[in-house]
Amino acid sequence: MKVLGIAGSPRRGGNTDLLLAEVMKGATSRGAEVKTIILNDLKIAPCQHCDACLETGRCKVEDDMQMVYRELEDADRIVLASPIQFMGITAQMKAMIDRCQALWARKYLLKIAPLGNGRERKGFFISVAGRKIANVFEPALVMIKTVFRILDITYAGELLFLGVDEKRAIAKQPDALRQAFLAGQELVGKSLSQ
Ligand SMILES: Cc1cc2nc3c(=O)[nH]c(=O)nc-3n(C[C@H](O)[C@H](O)[C@H](O)COP(=O)(O)O)c2cc1C
């Protein structure tokens, strides 16, 4: 089983990075093969709305997103991690998601087999917000659930923490990292049919 973690924060070693690392450790402890992509280290242009993908199902922008498409195709479990910025996901994560327009075109316009060839795949979301505002995660959840649905990836849950602002503040909540480790184990341990 391959687990792909995608880190959307610009802050290395920050709160969502720490949570993502624990999820991946949990998955590894159950025998999964894991890989983490740091979006901030990649060159992923925002979607140019050139509509080339509507004809071909392929994005014509030759940047690091081409590698991300391949990783998205290979993974059995996909963990997206993004802190909340201005009530939503980070620009890095949004750019990657917008480039999934090519995958939307494949599925809905060109009727090409979905990524993963219909095998069982699951997705998980990790986020933190500095403030304790009601509904702060709602816009992010709508976007994340939408991209998983378009990619035919079953939404398997999330870990969301409010009031986590300073770098590594999440580490002061020992239960948070433990929850992340257990979530990683559960993500690879259960079959959807169970
Ligand atoms: C540009 C920017 C915008 C932010 N906007 C919000 C916000 O709308 N609501 C909130 O609760 N926290 C906001 N935050 C705080 C981050 O969510 C918080 O610092 C978080 O712990 C960062 O996680 P990270 O260490 O994984 O990057 C913002 C931070 C930045 C840098």
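In this text, all values refer to a predicted model and were calculated from it rather than measured experimentally. In each ligand, atom 1 is the first atom listed, and ligand 1 is the first ligand listed.
- Counting the atoms of ligand 1 from 1 in the order shown, those under 4.0 Å from a heavy atom of G130 are 10 (C), 11 (O), 12 (N), 15 (C), 16 (C), 17 (O), 18 (C).
- Distances between N or O atoms of V136 and those of ligand 1 include no value under 3.5 Å.
- The closest approach between K167 and ligand 1 stays at or above 4.0 Å for every heavy atom of the residue.
- Among the atoms of F86, some N or O lies under 3.5 angstrom from an N or O of ligand 1.
- One finds the CG atom of D74 at 9.5 Å from the CZ atom of R70 (value rounded to the nearest 0.5 Å).
- The protein non-hydrogen atom at the shortest distance from atom 26 (O) of ligand 1 is T16 OG1, 2.6 Å.
- Residue contacts with ligand 1 for A129 involve both N, CA, C or O and side-chain atoms from C-beta outward (heavy atoms, distance under 4.0 Å).
- For ligand 1, the atoms closer than 4.0 angstrom to any heavy atom of V164 are 18 (C), 20 (C), 21 (O).
- When atom types are taken as modelled, the side chain of K60 and the backbone of D51 share no donor-acceptor pair closer than 3.5 angstrom.
- The shortest N or O to N or O distance between E166 and ligand 1 is not under 3.5 Å.
- K43 and E62 are not joined by a salt bridge, as no carboxylate oxygen comes within less than 4.0 angstrom of a charged side-chain nitrogen.
- Applying the salt bridge (Lys or Arg N to Asp or Glu O under 4.0 Å) criterion to D165, with sequence neighbours excluded, gives no partner residue.
- In terms of protein heavy-atom proximity, atom 8 (O) of ligand 1 is closest to M87 N, 2.9 Å.
- Among protein heavy atoms, atom 2 (C) of ligand 1 sits closest to Q85 CG, 3.7 Å.
- With ligand atoms numbered from 1 in the order given, ligand 1 contributes 17 (O), 20 (C), 21 (O), 23 (O) to contacts under 4.0 Å with heavy atoms of V128.
- For ligand 1 and S9, the ligand atoms under 4.0 Å from any heavy atom of the residue are 24 (P), 26 (O), 27 (O).
- D17 and R11 are not joined by a salt bridge, as no carboxylate oxygen comes within less than 4.0 angstrom of a charged side-chain nitrogen.
- In terms of polar-atom proximity, defined here as any N/O pair under 3.5 Å, D17 makes no such contact with ligand 1.
- Here's the thing with P10: none of its N/O atoms is less than 3.5 angstrom from an N/O atom of ligand 1.
- At the shortest separation from atom 23 (O) of ligand 1 among protein heavy atoms lies P83 CB, 3.2 Å.
- The distance from the SG atom of C59 to the CZ atom of R106 is 12.5 Å, given to the nearest 0.5 Å.
- For A180, the side-chain contact (heavy atoms from CB on, under 4.5 Å) criterion is met by L19, E22, V23, L159, not counting sequence neighbours.
- Considering only non-hydrogen protein atoms, atom 11 (O) of ligand 1 sits nearest to R131 N, 2.8 Å.
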Inset, instruction - Evaluate the criterion side-chain hydrogen bond (donor to acceptor under 3.5 Å, both in side chains) for residue pair S29 and Q185; output intermediate values, then yes/no. - result: CA-CA 7 Å; S29 78; Q185 288 191 323; 2.9 Å; yes

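- Atom OH of residue Y155 and atom CD1 of residue I144 lie 7.5 Å apart, to the nearest 0.5 angstrom.
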Inset, instruction - Using the salt bridge (charged side-chain N to carboxylate O under 4.0 Å, His left out) rule, take D152 and K107 through it: C-alpha gap first, then chi angles, then the decisive distance, then the call. - result: CA-CA 9 Å; D152 288 321; K107 179 177 174 183; 2.9 Å; yes

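- Given atom 18 (C) of ligand 1, the protein heavy atom at minimum distance is D165 OD1, 3.3 Å.
- Panel note: side chain E120, backbone D76; no donor-acceptor pair is recorded below 3.5 Å.
- The nearest heavy-atom contact from the protein to atom 28 (C) of ligand 1 is I84 O, 3.5 Å.
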